[in-house]
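The structure appears below as structure tokens.
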Amino acid sequence: MTINETKTEEGITLSISGNVDTNTAPELQGKVLASFQKSGTLVLDMADCPYMSSAGLRVLLIGEKTAKSKKGSMKLVNVQPAVMKIFQVSNFSKILTIE
Amino acid sequence: MELLQMTAREENLNTVLAAIRRCLKAYGCSDNEDVVPILVAAEEIFVNIVHYAYHNNKNEGVEVKVETSPHLCRMTFTDRGIPYNPLEHTDPDLTLDLASRPIGGLGILMVKEIMDYVFYENRDGMNILVIEKGF
């Protein structure tokens with residue numbers, strides 16, 4: 001998995017490329033929390049993320065809670081259908097902001 | 001069928017997932033929407049064994065058997081660790097709002113939601129967990 005960070009007018013976009021699993025989720029968590037240190041608005045571009053296990057969901061939950069505590073926002077874009085299925089199974093589709 | 005015998009280490013996760021992918025592909029199941037949920041369920045079980053079965057002792061073993069037939073995938077996970085029936089695990093409440101949701105505890109519930117059949121037994125000192133899903 002690789003994560004590419006882009007600064008935009010809105011805030012920070014992290015483009016995730018590869019699988020978010022038990023082994024790679026800690027790196028994503030570090031990037032998400034570091035981004036919220038710099039900006040209150042975070043976009044996660046999931047176009048190249050074909051796989052996410054509960055380790056990744058845990059990171060998204062931490063991100064969403066951090067966003068709320070900072071009165072910021074976290075938004076997911078370009079979520080692939082297979083990953084959306086995991087969001088639906090876990091009911092995360094109801095608590096995440098997905099466009 | 002693939003039979004994997006390995007040490008209970010996180011770094012072996014990719015070997016397990018690759019074997020499942022191969023077995024599914026052999027029966028024409030390669031669409032990510034079908035494959036990913038099965039892999040996610042397998043990851044939850046494997047990582048649970050790695051983290052909890054042996055108190056993180058990385059030299060203990062785990063066996064994963066992957067069997068596929070037309071339209072069915074069965075995976076059997078066997079370890080000699082602490083007896084643990086994941087089906088007795090209390091499920092987290094998926095209807096809670098963001099603020100109330102605990103971080104973690106989702107894995108086993110996802111296995112039960114994703115798979116069609118989950119069976120556990122402790123036999124001869126071994127935890128044996130069988131999960132199946134049609135495709």
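Below, chains carry the letters A, B, ... as their sequence lines are ordered, and counting in each starts from 1.
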Subject >> Side chain, backbone, both or neither of B/L17 within contact of chain A (heavy atoms, under 4.5 Å) >> reply: side chain
Original post:
Under 4.5 Å between side-chain heavy atoms, hopping through other hydrophobics if needed: is there a path connecting B/M110 to B/I49?
Top reply: yes
Original post:
Which distance, rounded to the nearest 0.5 Å, do you find between the CD1 of A/I95 and the CG of B/L96?
Top reply: 9.5 Å
**OP:** Find out if a path of hydrophobic residues (ILVMFWY) with successive side-chain heavy-atom gaps under 4.5 Å connects B/V111 to B/V62.
**Re:** yes
Original post:
Relative to chain B, which segment of A/M84 carries a heavy atom at a distance below 4.5 Å: side chain, backbone, both, or neither?
Top reply: neither
Subject >> Engaged part of A/L96 at the chain B interface, taking heavy atoms whose separation is under 4.5 Å >> reply: neither
**OP:** Flag yes if more than 12 heavy atoms outside A/K7 fall under 6.0 Å of its NZ atom; otherwise flag no.
**Re:** no
Subject >> Same apolar cluster (I L V M F W Y, side chains within < 4.5 Å links), A/M74/A/V43 >> reply: no
Subject >> Joint hydrophobic cluster, B/L72 plus B/V36, side-chain heavy atoms closer than 4.5 Å >> reply: no
Across chain A and chain B, what donor-acceptor pairs are shorter than 3.5 angstrom?
unit_1 : atom_1 : unit_2 : atom_2 : d
A/T22  : N      : B/E43  : OE2    : 2.8
A/T22  : OG1    : B/E43  : OE2    : 2.6
A/N23  : ND2    : B/E10  : O      : 3.3
A/Y51  : OH     : B/L39  : O      : 3.3
A/Y51  : OH     : B/E43  : OE1    : 2.7
A/S53  : OG     : B/E43  : OE1    : 3.4
A/S53  : OG     : B/E43  : OE2    : 2.7
A/S54  : N      : B/E44  : OE2    : 3.0
A/S54  : OG     : B/E44  : OE1    : 2.8
A/S54  : OG     : B/E44  : OE2    : 3.0
A/K65  : NZ     : B/L98  : O      : 3.2
A/K65  : NZ     : B/A99  : O      : 3.2
A/K65  : NZ     : B/R101 : O      : 2.8
A/K85  : NZ     : B/E33  : O      : 3.3
A/S90  : O      : B/R101 : NH1    : 3.3
A/N91  : ND2    : B/L94  : O      : 2.8

Original post:
In terms of hydrophobic clustering (I, L, V, M, F, W, Y; side-chain heavy atoms under 4.5 Å; direct or indirect links), are B/L87 and B/I108 co-clustered?
Top reply: yes
Original post:
Of the non-hydrogen atoms in B/L94 and A/V89, which two are nearest, and what is the gap between them?
Top reply: CD1-O, 3.7 Å
